[in-house]
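Side-chain atoms are counted along with the backbone in the values below, which use heavy atoms only and exclude waters and symmetry mates. Quick note on labels: first sequence line is chain A, next is B, and so on, each numbered from 1.
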2 protein chains.
Amino acid sequence: MPKNCNFIEKLREVGLRPTKQRIKMCEVLYNREKTFHFTINDLVKMISEKMNEKISLATVYNTVHAFEKKGYLKEISIDSHKSYFDTNTSAHHHFFDEDTHELIDCDDNDIDPVNIKKNITGKKINSVEVLVRIASDNQTQK
Amino acid sequence: MPKNCNFIEKLREVGLRPTKQRIKMCEVLYNREKTFHFTINDLVKMISEKMNEKISLATVYNTVHAFEKKGYLKEISIDSHKSYFDTNTSAHHHFFDEDTHELIDCDDNDIDPVNIKKNITGKKINSVEVLVRIASDNQTQK
DNA sequence: AATCTACATTATAATAATTCTAAACTATTG
DNA sequence: CAATAGTTTAGAATTATTATAATGTAGATT
Ligand SMILES: [Mn+2]
Ligand SMILES: [Mn+2]
Ligand SMILES: [Zn+2]
Ligand SMILES: [Zn+2]
């Protein structure tokens with residue numbers, strides 16, 4: 001259970017001023033057991049609830065992108081119509097539930113390492129990520 | 001080298017009226033050796049050039065989505081800020097060049113089959129796709 | 001071939017997500 | 001305490017996409 005002062009230090013280390021909005025955002029994002037996925041709108045709601053006070057949408061966008069640039073957050077592309085972010089910034093795979101639009105992390109045991117046999121000259125591989133799209137199985141098997 | 005009459009038939013089979021806009025769109029999309037990737041704006045430009053006449057953006061959006069629903073096109077999510085479409089509608093993997101924003105298809109020889117060991121009860125797997133992000137390799141190795 | 005009708009195209013307006021702007025505010029430094 | 005550089009904010013601007021409603025057209029019916 002990290003305390004706010006950790007977030008203050010964390011923000012300072014990265015060159016961001018620890019304002020009350022950013023600290024609240026850190027609490028919402030990082031004061032939890034597990035990493036999670038969210039959209040900007042999700043996040044605005046969560047912060048507003050925890051603050052009993054509105055936070056400007058622009059601030060959330062700006063700070064999310066600042067965090068992303070610093071490697072505190074990662075953007076996930078599964079749906080070209082919506083931006084998802086992930087507090088799990090490591091390279092990892094996902095299940096995406098097409099019914100609920102829920103993103104689920106895979107841990108390393110869930111998917112064997114992907115073997116890339118092609119290499120493109122002059123280019124290095126930055127990441128290899130698998131997206132498994134799932135949906136409810138309505139094949140009523142007899 | 002398919003002729004237009006093939007596109008007319010193709011459109012008819014699917015229940016779409018073969019209008020001159022749709023036929024032109026088919027030519028641009030399918031009258032070529034290899035499949036390719038495009039954005040809506042790419043496509044509007046390509047069609048307008050081939051027609052010597054403007055085509056409405058709404059028509060392109062509507063028809064692209066009609067084609068997508070019919071399985072003639074596939075939407076690819078690599079960048080949450082832009083929609084890419086693919087005339088290769090089969091399940092396949094991609095390289096995404098982060099320098100040029102170019103999408104490159106992998107063929108089956110390029111990546112070994114991905115082994116999913118996790119299964120989620122009540123859900124079936126719709127697709128498994130790998131995205132390999134690449135960028136220029138600037139490690140000037142001595 | 002002329003007419004009919006359902007479906008298409010189009011210009012334009014509406015919506016939604018994101019970014020920009022510039023004024024008011026605040027954390028930090030001296 | 002100022003002074004200052006960085007921050008938040010409301011609202012405007014921009015961009016991508018979708019909806020609307022008037023006009024046009026492909027294919028069927030006479
Ligand atoms: Mn973004
Ligand atoms: Mn779409
Ligand atoms: Zn994740
Ligand atoms: Zn492709």
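- An OP1 or OP2 oxygen of D/dT18 is reached within less than 4.0 angstrom by no side-chain nitrogen or oxygen of B/Y61.
- Distance CD (A/E68) to C1' (C/dT18): 13 Å, rounded to an integer number of Å.
- Looking at residues two or more places apart in sequence or on another chain, you find a side chain to side chain contact (heavy atoms under 4.5 Å, CB included) between B/N88 and B/T35, B/D86, B/S90, B/H92, B/D105.
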Give me, pair by pair, the N or O atoms of the protein and of nucleotides 28-30 of chain D that are less than 3.5 Å apart, along with how far apart they are.
none

Letter per nucleotide, 5' to 3', of nucleotides 5-14 of chain C [B base touched, S only sugar-phosphate touched, - untouched; heavy atoms, 4.0 Å]: -BBSSBB---

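- Partners of A/K54 by side chain to side chain contact (heavy atoms under 4.5 Å, CB included), not counting sequence neighbours: none found.
- To the nearest angstrom, P of D/dT17 lies 11 Å from CG of B/D42.
- One can place CZ of B/R12 at 17 Å from P of D/dT25, the figure rounded to the nearest angstrom.
- Residues satisfying the salt bridge (charged side-chain N to carboxylate O under 4.0 Å, His left out) criterion with A/K123, sequence neighbours excluded, are B/D97, B/D99.
- Contact between the side-chain N/O atoms of A/H65 and the OP1/OP2 oxygens of C/dT19 is found at a separation under 4.0 Å.
- Whole-Å rounding puts the A/K82 NZ to C/dT15 P distance at 18 Å.
- The shortest distance between the side-chain N/O atoms of B/S83 and the OP1/OP2 oxygens of D/dA16 is not below 4.0 Å.
- Following rounding to the nearest Å, B/H81 (NE2) and C/dA16 (P) show an atom-to-atom distance of 19 Å.
- Applying the side chain to side chain contact (heavy atoms under 4.5 Å, CB included) rule to A/K50 yields the partners A/K24, A/V28; only residues at least two apart in sequence or on another chain are considered.
- One finds the CG atom of A/D42 at 7.5 Å from the NZ atom of A/K82 (value rounded to the nearest 0.5 Å).
- Spacing between atom NZ of A/K69 and atom P of C/dT19 amounts to 11 Å, rounded to whole angstrom units.
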Contacts table for residues 124-132 of chain B: side-chain donor-acceptor under 3.5 angstrom, sequence neighbours left out:
residue: B/K124; atom: NZ; partner: A/S136; partner atom: O; Å: 3.4
residue: B/N126; atom: ND2; partner: A/E98; partner atom: OE1; Å: 2.9
residue: B/E129; atom: OE2; partner: B/K74; partner atom: NZ; Å: 2.7

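- Using modelled atom types, one finds a donor on one side chain and an acceptor on the other under 3.5 Å when comparing A/E75 with B/S80.
- Partners of B/Y84 according to the ring-ring contact (aromatic ring centres under 6.0 Å, His included) rule, which considers only residues two or more places apart in sequence or in another chain, do not exist here.
- Remark: A/D112 engages B/N115, B/K117 in a side-chain hydrogen bond (donor to acceptor under 3.5 Å, both in side chains) (not counting sequence neighbours).
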